Protein chains: 2
Amino acid sequence: MNPNFIKMKNILCDFIEQFVPLTEDEKNVILELDVIKYFKKGTLILKQGKRTSESYFVLKGCIRVYYILDGTEKTTEFFTELEGYTPPCVLSNQPSELYVSCVEDSIIAISKPNMAEEVFKKFPKFETVCRILSEQLIVKSQTNFADFKTSSPEQRYLNLMKERPDLIQRVPQYQLASYLGIKPESLSRMRARIVGKK
Amino acid sequence: MNPNFIKMKNILCDFIEQFVPLTEDEKNVILELDVIKYFKKGTLILKQGKRTSESYFVLKGCIRVYYILDGTEKTTEFFTELEGYTPPCVLSNQPSELYVSCVEDSIIAISKPNMAEEVFKKFPKFETVCRILSEQLIVKSQTNFADFKTSSPEQRYLNLMKERPDLIQRVPQYQLASYLGIKPESLSRMRARIVGKK
DNA sequence: ATCATTTCTTAACTTAAGTGAAGATTTTGA
DNA sequence: TCAAAATCTTCACTTAAGTTAAGAAATGAT
């Protein structure tokens with residue numbers, strides 16, 4: 001077992017222990033269940049049209065969710081360290097509408113519903129964690145959405161600089177642009193405008 | 001027990017039975033726990049600055065979530081029949097940033113976390129329902145957000161006409177406008193433009 | 001180190017949303 | 001029923017985003 005692997009397991013257990021305490025037994029269950037995978041930058045973890053039941057939990061790196069509309073990539077989400085994502089197709093049992101790709105070399109914990117079910121049966125505590133996490137995620141998602149609706153593209157960019165400054169460094173601008181709901185040219189112009197104002 | 005009350009209980013149980021079957025016992029638990037309240041149009045169920053631990057589940061009518069920024073109402077959500085909402089302040093234990101008001105005369109099932117905890121203990125099945133519902137809500141919220149980001153104000157309005165035509169009838173336009181992320185004047189002009197195009 | 005590819009910038013022009021202000025229309029309550 | 005309040009529309013003007021197109025800069029692969 002390489003030391004990096006153990007480090008990642010600890011990150012995962014620490015994260016879960018924010019919500020419920022874990023016994024050694026329970027930690028071992030996680031160690032056995034969660035599959036930790038390494039991906040190179042640019043790897044497509046999920047492609048449009050494919051079926052999957054996998055959820056992704058980012059231990060290191062950054063993944064991007066996007067789809068292609070009229071030949072253009074529309075980026076809808078970025079997930080970085082300690083953020084998790086379940087594609088809609090996992091719940092709908094349909095082919096995926098979305099692509100998921102690695103913006104950087106990334107380490108991802110992958111889980112599947114049947115794994116989860118088993119664990120829930122053995123340790124109901126895990127279901128509680130998932131429920132609480134889900135409830136928090138809903139609030140987060142709704143709050144982000146509300147902030148987005150009520151601000152101009154420029155405010156959104158300034159807000160992103162404040163809330164997730166790392167993304168601006170890590171991610172190509174044309175991907176950030178559609179994440180902000182604007183065109184790459186507009187983002188470029190906007191940045192020039194903002195620098196000018198200072 | 002008035003017949004309308006019983007009707008509402010049935011609506012609630014039917015809704016839950018979409019996800020898990022319920023025994024009579026379990027239905028009774030719901031009947032005893034959930035508090036069903038009647039509100040007049042315009043009632044403020046939750047005010048900015050107030051603390052609450054209540055979640056709302058709309059049995060009939062329509063509620064609106066908004067906050068006031070620079071003296072202007074910013075509407076972030078509408079919930080109608082069979083939709084539920086937990087304000088962020090319930091999870092954060094802070095005074096509410098948001099108002100919740102009734103767009104119409106409404107019948108709302110109100111629940112609190114301590115009720116939920118008790119029920120979860122007695123019937124773990126309910127925690128499963130809540131987890132599944134939450135997971136679905138996350139997807140829904142993220143999908144809505146993605147659609148919003150990738151469309152123009154006009155597309156958003158056309159999409160709203162398709163997806164929630166009832167809202168356009170039920171809700172004042174100035175509230176719809178901020179829900180669409182635009183000014184009321186722009187919505188008014190846009191509607192004229194759309195009618196002209198036909 | 002160099003070439004090809006990807007990403008970013010700039011510019012001129014078009015289109016639609018924001019703003020401020022006024023007035024029309026609809027709804028509500030006494 | 002009528003006046004006040006709330007809601008919606010229109011107009012002229014400003015501002016910023018979309019579009020098209022060209023070329024510069026950065027990155028990656030050999």
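First the proteins, then the strands, lettered A, B, ... as listed; each starts at 1. All values reported here derive from a predicted model rather than from experimental measurement.
- Closest contact between the side chain of A:S188 and the listed nucleotides D:dT9, C:dT7, C:dT9 involves C:dT9.
- D:dA17 atom C1' lies 12 Å from atom CZ of B:R156, rounded to whole Å.
- Of the two residues contacting DNA chain D, namely B:R189 and B:P184, the nearest-nucleotide position lying further toward the 5' end is that of B:P184.
- The number of heavy atoms from other shown groups lying within 6.0 Å of NZ (A:K125) is above 12.
- Atom CD of B:Q48 is surrounded by more than 12 heavy atoms from other residues, nucleotides or ligands within 6.0 Å.
- Summarising the geometry, the separation between CG on A:L180 and P on D:dA17 is reported as 11 Å, rounded to the nearest angstrom.
- Note on B:R191: only backbone sugar-phosphate atoms sit closer than 4.0 angstrom, heavy atoms only; bases stay farther off.
- The side chain of B:E185 lies closest to C:dG20 when the candidates are C:dG20, D:dT19, C:dG18.
- Comparing D:dT7, C:dT10, D:dA17 by their nearest atom to the side chain of A:E154 picks out D:dA17.
- When distances run from any side-chain atom of A:R193 to the nucleotides C:dT19, D:dC8, D:dA16, the shortest one goes to D:dA16.
- With B:F78 as the aromatic partner, B:R164 does not meet the cation-pi criteria of under 6.0 angstrom to the ring centre and within 45 degrees of the ring axis.
- In terms of hydrophobic clustering, with Ile, Leu, Val, Met, Phe, Trp and Tyr side chains grouped at heavy-atom distances under 4.5 Å, A:V171 and A:Y66 are assigned to different clusters.
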